[in-house]
Amino acid sequence: MSTYGDQGNVLVLEQRAQRRGIETETIHVRSADPVPETGDIYLIGGGEDRPQILAARRLRKDGGLHRAIARGASLLAVCAGYQIMGTTFGGEEGQPVEGIGLLDISSSRGPARAVGELVAEVDAALNLPTLTGFENHMGVTHLGPGVRPLSKTVKGVGNGDGFEGCYAGHVVGTYLHGPALARNPALADLLLSWRVGDLPPLDDSRYEALRQERLATVLQD
């Protein structure tokens, strides 16, 4: 699944690794393929209702993603992919559909579609700058005690409870499109560091100036 350019998250991870001399190999997993269990970072994007239901069913049956995470791999799940990671999510008619249970969350359909820019302050434990992105979903996500909120919503809807996304161990779920890692390269570096350790810094000064300018514009709207 890759709605709203979520496939771009792969490109960002590749670039930021390669700029540091870290070799990468990207494996694209199609809907009928088994999930490779030896990867370091797994990405799943957004999608429409029917592909989301199909993806949840196949991931449950396959079990490879669970085994990879148990082995220590990292995961970024976006929007519909985020909802799949929980115990249940809303189907085509709002009916509960079984998720894969990697995160202690449950999602359902909200009263209205959340569309627009999203800004959120990250949990201090992760030491990341303010997250920005674009959301387009009808989900309301409830967090259980087994996860922590990824960030506190400043602008936008996010989970629908004043927070956006969640994380547990090296698994991160978010409603951020944009793609998320292009808008938030520090989050990409966090995923990389979970697998390779401390990273040498990159000169992101020009990009950061543009990011701060955009953030200021979004908050003024």
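Of the possible polar contacts, one joining the Asn184 side chain to the Ala180 backbone as a donor-acceptor pair under 3.5 Å is found. A donor-acceptor distance shorter than 3.5 angstrom exists from the side chain of Asp33 to the backbone of Arg30, with no hydrogens or angles considered.
Side-chain contact check for Leu176 versus Val78: every heavy-atom pair is 4.5 Å or farther apart. Between Pro185 and Tyr207, some side-chain heavy-atom pair lies under the 4.5 Å cut-off. Inter-residue side-chain proximity for Tyr42 and Ile27 is flagged as unmet; no heavy-atom pair is nearer than 4.5 Å. Thr38 places none of its side-chain heavy atoms less than 4.5 Å from the side chain of Arg67. Between Arg20 and Leu202 the shortest side-chain heavy-atom distance falls below 4.5 Å. Side chains of Ile22 and Leu199 form a contact here, defined as non-hydrogen atoms less than 4.5 Å apart. Side-chain atoms of Leu103 and Val171, non-hydrogen and from C-beta on, do get closer than 4.5 Å to each other. Within the 4.5 Å cutoff, side-chain heavy atoms of Glu208 are placed close to those of Arg211.
Under the 4.5 Å side-chain heavy-atom criterion for Ile, Leu, Val, Met, Phe, Trp and Tyr, Val12 and Leu215 are members of distinct hydrophobic clusters.
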For this session: Applying side-chain contact (heavy atoms from CB on, under 4.5 Å), run through Val119 and Leu131 and close with a yes or a no.
Result: CA-CA 6 Å; Val119 177; Leu131 296 177; over 6 Å; no
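When all heavy atoms of Val115 and Asn136 are compared, the pair lying nearest together is CG2-OD1, 3.6 Å. The two residues Asn9 and Ala182 have their closest heavy-atom pair at OD1-N, 4.4 Å. Residues Leu75 and Leu43 come closest through the heavy atom pair CD1-N, 4.3 Å. Contact detail for Ile84 and Ala55: the closest heavy-atom pair is CD1-CB, 3.9 Å.
Between the side chains of Thr26 and Glu14, at least one donor N or O lies within less than 3.5 Å of an accepting N or O. A donor-acceptor pair shorter than 3.5 Å cannot be found between the side chains of Asp161 and His142. Remark: the Glu48 side chain and the Gln52 side chain contain no N/O donor-acceptor pair separated by less than 3.5 Å.
Rounding to the nearest 0.5 Å gives a distance of 4.0 Å between SG of Cys166 and OH of Tyr82. To the nearest 0.5 Å, atom CG of residue Leu192 and atom CG of residue Asp198 are 12.5 Å apart.
Ion pairing between a basic and an acidic side chain is recognised when a charged N comes within 4.0 Å of a carboxylate O; Lys152 and Glu164 show no such pairing. The residues Arg183 and Glu117 are annotated as salt-bridged, a charged nitrogen and a carboxylate oxygen being separated by less than 4.0 angstrom. For Asp40 and Arg71, the salt-bridge test fails: no basic side-chain N is under 4.0 Å from an acidic carboxylate O. Asp49 has a carboxylate O that lies under 4.0 Å from a charged side-chain N of Arg109, or vice versa, which qualifies the two as a salt bridge. Ion pairing between Arg19 and Asp204 holds under the 4.0 Å rule for side-chain N and carboxylate O.
Between His137 and Tyr175, the ring centre distance stays below 6.0 Å.
Within a 6.0 Å radius of CD in Gln18, more than 12 heavy atoms belonging to other residues, nucleotides or ligands are found. The number of heavy-atom neighbours closer than 6.0 Å to CG of Asp221, taken from other residues, nucleotides and ligands shown, is above 12.
Tested against Ile44, the residues Leu59, Leu76, Asp6 include a single side chain to side chain contact (heavy atoms under 4.5 Å, CB included) partner, Leu59.
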